[in-house]
Structure formats: C-alpha cells, structure tokens
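Here is the naming used below: chain letters follow the sequence lines, and residue numbers restart at 1 for every chain. Below, each value reflects all heavy atoms present in this structure, side chains not excepted, and no hydrogens, waters or symmetry copies.
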Amino acid sequence: MSSAAKKASVDDLLAGLNEPQSQAVQTPSGPLLVLAGAGSGKTRVLTHRVAFLIAAQGVRPQEILAITFTNKAADEMKERIETLVGPVARTMWISTFHSACARILRKEAQQLGYRRNFTIYDAPDQLRVVKRCLKDLGIDDKRFPPKGIHAVISSAKNRLVDAEAFAGMVDDFFDDTVARVYSLYQEKLFANNAMDFDDLLMRAVSLFQLLPERLDYWRSAFRHILVDEYQDTNHAQCVLVNLLGKEHRNVCVVGDDDQSIYSWRGAEVRNILDFRSDYPEATIIKLEQNYRSTQTILTAANHVVSNNPGRMQKNLWTDLGQGEKIVMAEVDDEHAEARFVAGEVARLQQEDGCKPRDMAVFYRVNAQSRVLEDLFVRYGISYRVVGGTKFYERAEIKDALAYLLVIDNPSDSISFNRVVNVPKRGIGAASLASLTRFADAEGLSLTEAAARAGEISDLRPAGEKALAGFSGLIEELAATAASSPVAETLDQVLNSSGYIASLQAERTIEAEGRIENLMELVGVAEEYGRRQPDGSLREFLQEISLYTDVDKLTEQSETVTLMTLHNAKGLEFPVVFIIGAEEGVFPHSRAIEEQNLEEERRLCYVGMTRARQRLYFTYTTSRNLYGARSYNLASRFLAEIPDDLIDFRPMAGPARAGYGKTGARPSPYLGKDISGDVPPDLARPGRDEAAAFFHPGDRVAHAVFGGGVVTAVERGGTVAVRFEDGSERKLMVEYAPLRKVSA
DNA sequence: GAACGCCGTGTTTTT
DNA sequence: CACGGCGTTC
C-alpha cells in the first residue's frame, strides 16, 4: 500500500468524527477509558479505533482482541471493520467473553484435565445437573430450590470463588448445603467433560493463574484488547482483562455507568468506575454528543437517571432538535394497553409513513408479550418477539442438538439421558438405572456402557436389546459425522433416530411446528456449512451453544419488534413503546423489595434512549398478573420526567373518582417503602407529607373538579385549591383524588 | 413402560 | 396461569 493511499484511508477513518470521538480513535497505545453516553457513537469509535490501529499504527489484526456483549454485536462490528480495513478483519478475534474463552479453552483444555471436545451446558442443562446433585446428596429440593442453589453457585463463580473456597467461607446452613452441591456439581460437570457458562470464564482465569507460561502466550497473542459495554462486566471478566492486558496495558474499555443493567448476574459497575485505579495513567474521554434521539427524549432520560446517586457526571446533548413530546398513555388494563399500542402502530404507518420495523415495544418481563401478541395477530400486525422461549431452548431443538452432542462428546451424560429414549424406544427408568450402575462400577461413560449392554447382568432382555440398538444408532451417526457436513449428519440424526417420524405420527399442529423448527435448524446447519466449509461438528455446536436470540435479530423488514428492556440494549428504533410503566411491574416488585431501584432506573434510561424520534409510555390502572388482578400505581419513573416534555393521554371516557383514575398525569412519587402489595391508598401522600408535597402555586388536577392551582397549604394535611371553574375548595390531601401536575 | 391427569407451586432480567 | 413433579391407570 502506498503511503499516500494509506494516509488517505487514515483521513477517511477520522472524517466525520467529532472532537472527542476522533481523540478516542487516535489515542495512542496504552490504557483508554471511553465513557460513552447513550447514542454517542460508541460503536463507531470502537470500529474506527480498531481500523486506526491497523491502518495507522501497524498493529496486526490477529493481535487484536475485541470483546462485545452479544454475538450479534460481534458480527456487526466485524462487518463494519471489514468495510474499513478489508478482509483482514476476519483474522481478528471479535467475540463475547464467553466465546473467546471457549475458543481459548478448546486449545488449552488438556492443561485443565478436560478434553478439547468438552460440551457447554446451557441454563436448563445446568439446572438438571443441580437437580441430580440434590438427589444424589439426598437434599430436599423443596427446602433448597435448584434455581436458588444454582444462582448462588453462579454468583460464586463470577466472583472466582471455587467450590473449595466457597466451602471455606460458609457461614450459614443454606450456604453449607450449597457448598456440598457446588462441589458435586463441579465433579459432575467434569465427569461429563462439560462446562457451564461461568466455567468458561473461571477456567480461563485459572488457566492463566496456574500456568504463567500459557498466560505469557495469550498475553503476547493479544497485544491490544478492547472491551465494549464494560459497565456490564463481572469480576471474572475484569480479572481476565487485567491478566491479559495489565502488562502491555493496551486496554481500551468503553461503557456507560448509567447503562449498567446486569448486576443480578454478577456485573459490577465498579469495574468501570475503578478502571482509573487499575490503570492510573489511563486516558479518559467522554462522549457526550448524542446522535440518536431528540432533545426531548434526551432531556427526559437525563432527568430520570439523574435521580441515581453516585454517577459519573455526563451531560448528554444533541442538535437534532426538540422533536415530539413523549406520549404518556393511561389505560384501563393490559388489553387496552395492547389496543393503544396497536392503534398507534397502525396510525403511525398511515399518517407518518413509519415502517413496522421502525417500531419496537419494550416490556419488563417476557410474559407481557402475550397479550400484545394476541392482539397483533388479530389486528394483522406482523411482529417478532426477541428473547422469550429461545429457539435453541425449544425441546425439539435441544433434542436434536443433544444427539449431536453425544456424538461429539460421548461422556456427556446429560445429553445422553435426554435422547436415550426420545423418541420412545423402550428404555425406561429401570433400564437406565441398571445402565448407570454398570457405568459407575466399570468407570465408563453411559455411551460406552450402552455399547456393552450385553454384559449388564440385571438388564432385562428387552432393555438390553433397546440399549444395544441405541448404541448402534449413535455409532452409525458418529461414523456419518466423521465424514460428512454438519447438515447431513443432522439430517441423518432426525431420520435414523425416528425423531421426525414420531412427530409426523402425532399429526398435531404443534408437532408440525416442531418439524418446521427442526427444518430451520437444518437450515442453520446448511448455512454454517456454506460459511465454514471446513467447519467441524464441534465448532458448530460451540457456536450454537453460545448463541442467543438477540444475535439472530436481523433487519427483517415488515415486522414490529417486541422485546424485554434488557434485550433492547445496544439497539435503536425511531419509535419506542415502553409498556407496563407501573409500580410493581416496572420497577419490578422484586427490585422494590430488594431496594434495587437504581438498576431499574438505569433500565428505564436504557429503554428511553433507544428511541430516535418518538417515545411512548403506557401504564394501566389495573392489570392481570400471575392470574390475579392487581392495581398498580403509575411508575415512579414517569413522575421523574418534566411535565413540559409530556403529552399526557388520560384514560378515555369520563374520569372516575378513585385511585389512579384521576385523569391527571402521575405525580412525583412520594412513598419510600411501598411494595406492590400495599393497598393503593397507602401510596398517597400522607397527612404529614402534604405540606412538603404541595406548595402554593402548584398546578394540580382533581378527578372530579378538574384542573386547578394550589392557593394555600394548611395544617392537618389540607390544601386550598382554586379550580378552573372558579370554585375554591379545601381538600384533605390524604383522601382527595388530587394529583400534582406541575410545580 | 407409557400416558394421563391431578395437585402444588412459583413466577425478572440472560451470556 | 403454566409448568413440573408425582401418582394412577392402562
């Protein structure tokens, strides 16, 4: 490449960047912290910085390790870098922490006593192992719920506390039990030549800690490390970055403390706040210009999040103009909510020329999508749900994959048990018990034991025959796998096992759906074969096991997108609806109980800042939740948005007296310890708070008397209000359906 | 050995 | 409400 061409391309890389962005791209090697507010061009900076390192600093692509939060983000980044630097981009490591660790561990497995064909267990698999442990240890799974146990184990792993260390710091009975399970759980994973998600991180760390020589190797392999969404890294990930990066110190992390929303799975905002102490000489750059949202949306989001203490100060601004006000719609119940959203989706298409793909609906929990989906189907609005029951967690998909997993890793007993009698081939609990006993006695895997079914004395002839048949099937499939593309192996799995046939025999709609899903899986395998002609079954399985639904989210044109607020991270849409903005839903009741409102607020901030032009909030006065009707307050977050940014749409029909039907937008939230279960009345400002809450001059609204202005605040929780109809009334704040509209 | 149905229970977010 | 676990029945 001539130097002129090179220079031109470097100029290109910097063209169109604002000052701080350009600085972040050009800052020479060494630690760099980029605090990137929502929509401030973070991805742009990352991709351009990588390109800059390659084009201007002479860094070789394969020396770069770039970590993203999802596989989708990784793919996008790869693509964008490729357009900047060309096909060499393909030699870079751009992936999630988990994928990167898995890749490293494939090469290093033997160092840890694993074989390189280890299986990665997903959440349901992990739970199954926990359950088995509880059973083996004779622990009552009523008193020790597997999910809870697993959560504790997972959190320990994220803090790099292994089973032994955990046992050493136990200080109550529950943890003591967990410690025993943890230890057995690890044994079982190891015996199955399997790792869970957390192991990928923890084992990578221990590899590096145990074997300095391997650390040296990987350290010099990745001379430059870049980490996106650093605010959502956990301790293990942070340690990993430091192990690899602390020596050469070419560590660039990008993130936004206001967007940390994964503390429940071990993420520690502290990591980004502490970057300066880990790397005192770090350059720190703030990106504060937002290129995504209108000023209205931005101001509103800033107001909300500024209620959180201890933030890194940021001042997001935009020059995109004020734009539309934020619509806040009060509706009867979840059905009215769905109707409202569907109505607006239709209207925006007709009147504003919005495309369905421009619109997204965010909710707090997956269950909320149901009602919406029902109505969308009836309205003929096509939509897609991101997340929820994930494609790769569907039973039929997991069954098919379990066959492949057993073929690839015969030690994997979870997968073995999953498929040994699916479809039914007469291998029941009794036969399996014999098989397991035999395997344990002989020190064999279940697959190996099945191959020697004839030697199992207490097996009934029918069971023996069935097991031998299954064993033969697996061997046959393994032979195919050894010499054929993945898609072909999969096809044979589905047919030779009789899996498809048994579904066809069901003759139900669900079974047809399952077959379609399986065909889609075959499609995925074919696609893989095209992309990676030399790809192995193992690599295919690894890719799949770390793949989530968000990763699949491609720009399909004519559908509205439905997803949880968590899944919305990193995305943007011209129009965003945030539904269920109610106390107990969002913020979630459990977050209220656990006093973790700051994270909920950040979640709100993330949701709001996804919107480019229009932002809607909806809240219901009554909602069916878990089979029972509940009456919730409007979310406190709504009250944190300034009035002049809001287009309030009270419930249709005459305003009715009573809680939540005031026709006034929700007032600033006063209650401090109000959980979703507290009767609504208690959530109203009490007598003592009245004086602090209302001030003369406040604009208020009354459910019956309409709008007015506070003229006086009296003792005993009484305020005087002059209403728009000219009347003046004294009202008991404690009981009157009175809402503050603005101060 | 499999299928059905009952009951109790637990409900956030996910790499 | 929805699912998993467990007992009953064929």
Side-chain angles (χ1 to χ4, degrees), chain A residues 67-74 95-102 120-124 126-128 131 135 141-142 145-148 150-151 154-155 157-158 195-202 229 232-234 236-237 260-267 362-371 386-390 392-393 395 421-433 460 462-463 466 502 506 542 544-551 563-569 580 584-594 596 599-600 602-604 606-607 624-629 676:
Chain A
I67 301 289
T68 58
F69 195 69
T70 63
N71 292 304
K72 180 190 177 240
S95 65
T96 62
F97 273 108
H98 291 87
S99 301
C101 288
I120 300 166
Y121 280 176
D122 69 359
Q126 294 164 27
L127 212 56
R128 212 165 283 140
K131 283 179 184 166
K135 203 164 212 173
D141 63 0
K142 297 286 187 298
K147 255 189 180 166
H150 181 259
S154 171
S155 125
K157 288 187 178 183
N158 286 158
M195 299 196 199
D196 65 15
F197 290 143
D198 306 316
D199 278 340
L200 295 174
L201 305 173
M202 196 166 73
E229 308 281 12
D232 278 321
T233 52
N234 61 35
Q237 292 165 337
S260 157
I261 54 175
Y262 282 98
S263 74
W264 49 272
R265 90 178 187 213
F362 303 157
Y363 34 79
R364 181 63 175 81
V365 299
N366 277 308
Q368 286 173 267
S369 77
R370 269 245 159 78
V371 183
V386 179
T389 317
K390 289 167 218 34
Y392 291 110
E393 284 182 11
N421 202 28
V422 180
K424 303 277 178 241
R425 43 175 80 88
I427 302 172
S431 305
L432 274 181
R460 293 170 21 192
S502 80
E506 274 187 43
Q542 166 160 325
I544 296 255
S545 58
L546 295 172
Y547 217 72
T548 58
D549 255 28
V550 201
D551 302 330
M563 68 178 109
T564 62
L565 285 150
H566 281 90
N567 272 325
K569 180 159 120 168
V585 177
F586 185 38
H588 194 274
S589 54
R590 196 149 151 198
I592 299 174
E593 277 163 37
E594 290 167 5
N596 194 9
E599 179 143 317
E600 296 284 298
R602 290 192 291 267
L603 192 55
C604 187
V606 167
N624 227 342
L625 218 54
Y626 311 131
R629 190 143 288 278

Interatomic distance at P, C:dG4 relative to B:dT13, whole Å: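 My reading of the P atoms in C:dG4 and B:dT13 gives 15 Å.
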
Taking A:Phe586's backbone N and O only, do any of them form a donor-acceptor pair with A:Glu600's side chain (distance below 3.5 Å, no angle check)?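 Checking the backbone N and O of A:Phe586 against the side chain of A:Glu600, no donor-acceptor pair under 3.5 Å is found.
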
With a 4.0 Å cutoff (strictly under), does any side-chain N or O of [X] reach OP1 or OP2 of [N]?
{"X": "A:Asn71", "N": "B:dT15", "result": "no"}
{"X": "A:Thr564", "N": "B:dT12", "result": "no"}
{"X": "A:Asn567", "N": "B:dT14", "result": "yes"}
{"X": "A:Asn366", "N": "B:dT14", "result": "yes"}
{"X": "A:Lys569", "N": "B:dT13", "result": "no"}

Spacing of [X] atom [atom1] relative to [N] atom [atom2], expressed in whole Å:
{"X": "A:Asn158", "N": "B:dT13", "atom1": "CG", "atom2": "P", "answer": "18 Å"}
{"X": "A:Ile261", "N": "B:dT12", "atom1": "CD1", "atom2": "P", "answer": "17 Å"}
{"X": "A:Leu201", "N": "B:dT15", "atom1": "CG", "atom2": "C1'", "answer": "8 Å"}
{"X": "A:Phe197", "N": "B:dT15", "atom1": "CZ", "atom2": "P", "answer": "8 Å"}
{"X": "A:Leu127", "N": "B:dT14", "atom1": "CG", "atom2": "P", "answer": "16 Å"}
{"X": "A:Ile427", "N": "B:dA2", "atom1": "CD1", "atom2": "C1'", "answer": "14 Å"}
{"X": "A:Lys135", "N": "C:dG5", "atom1": "NZ", "atom2": "P", "answer": "9 Å"}
{"X": "A:Gln126", "N": "B:dT14", "atom1": "CD", "atom2": "P", "answer": "15 Å"}

For DNA chain B, whose closest nucleotide is more 5', that of A:Gly463 or that of A:Leu603?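 Going by which nucleotide is closer to the 5' end, it is A:Gly463.
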
If each of A:Arg425 and A:Ala591 is mapped to the nucleotide of DNA chain B with the nearest heavy atom, which maps nearer the 5' terminus, i.e. the 5' end?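 Per heavy-atom nearest nucleotide, the more 5' residue is A:Arg425.
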
Side-chain contact test, heavy atoms from C-beta onward, threshold under 4.5 Å: evaluate it for [X] versus [Y] and give yes or no.
{"X": "A:Leu603", "Y": "A:Arg364", "value": "yes"}
{"X": "A:Ile67", "Y": "A:Gln237", "value": "no"}
{"X": "A:His98", "Y": "A:Leu201", "value": "yes"}
{"X": "A:Leu200", "Y": "A:Phe97", "value": "no"}

The side chain of [X] is closest to which nucleotide in this list: [options]?
{"X": "A:Lys131", "options": "B:dT11, C:dG4, B:dT15", "value": "C:dG4"}
{"X": "A:Arg370", "options": "B:dT15, C:dG5, C:dA2", "value": "C:dA2"}
{"X": "A:Thr96", "options": "B:dT14, B:dT11, B:dT15", "value": "B:dT15"}
{"X": "A:Lys424", "options": "B:dG1, B:dA3, B:dT14", "value": "B:dA3"}
{"X": "A:Ala430", "options": "B:dT12, B:dG1, B:dT13", "value": "B:dG1"}
{"X": "A:Arg265", "options": "B:dG1, B:dT15, B:dT12", "value": "B:dT15"}

By a 5.5 angstrom centroid cut-off and a 30 degree plane limit, is there stacking between A:Trp264 and B:dT13?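 So A:Trp264 counts as stacking on the base.
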
Is A:His588 stacked on the base of B:dT12, with ring centres under 5.5 Å apart and planes under 30° apart?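 A:His588 vs B:dT12: stacking yes.
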
Classify [X] by what it touches in the nucleic acid, base, sugar-phosphate, or nothing, heavy-atom distance under 4.0 Å.
{"X": "A:Ser99", "result": "nothing"}
{"X": "A:Ala462", "result": "nothing"}
{"X": "A:Asn421", "result": "sugar-phosphate"}

Closest approach of A:Tyr262 to A:Asp232 (non-hydrogen atoms, all atoms of both residues):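 Reported closest heavy-atom pair: N-OD1, 3.3 Å.
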
Of all heavy-atom pairs between A:Ala466 and A:Gly426, which one has the smallest distance, and what is that distance?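 For A:Ala466 versus A:Gly426, the nearest heavy atoms are CB-O, 4.1 Å.
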
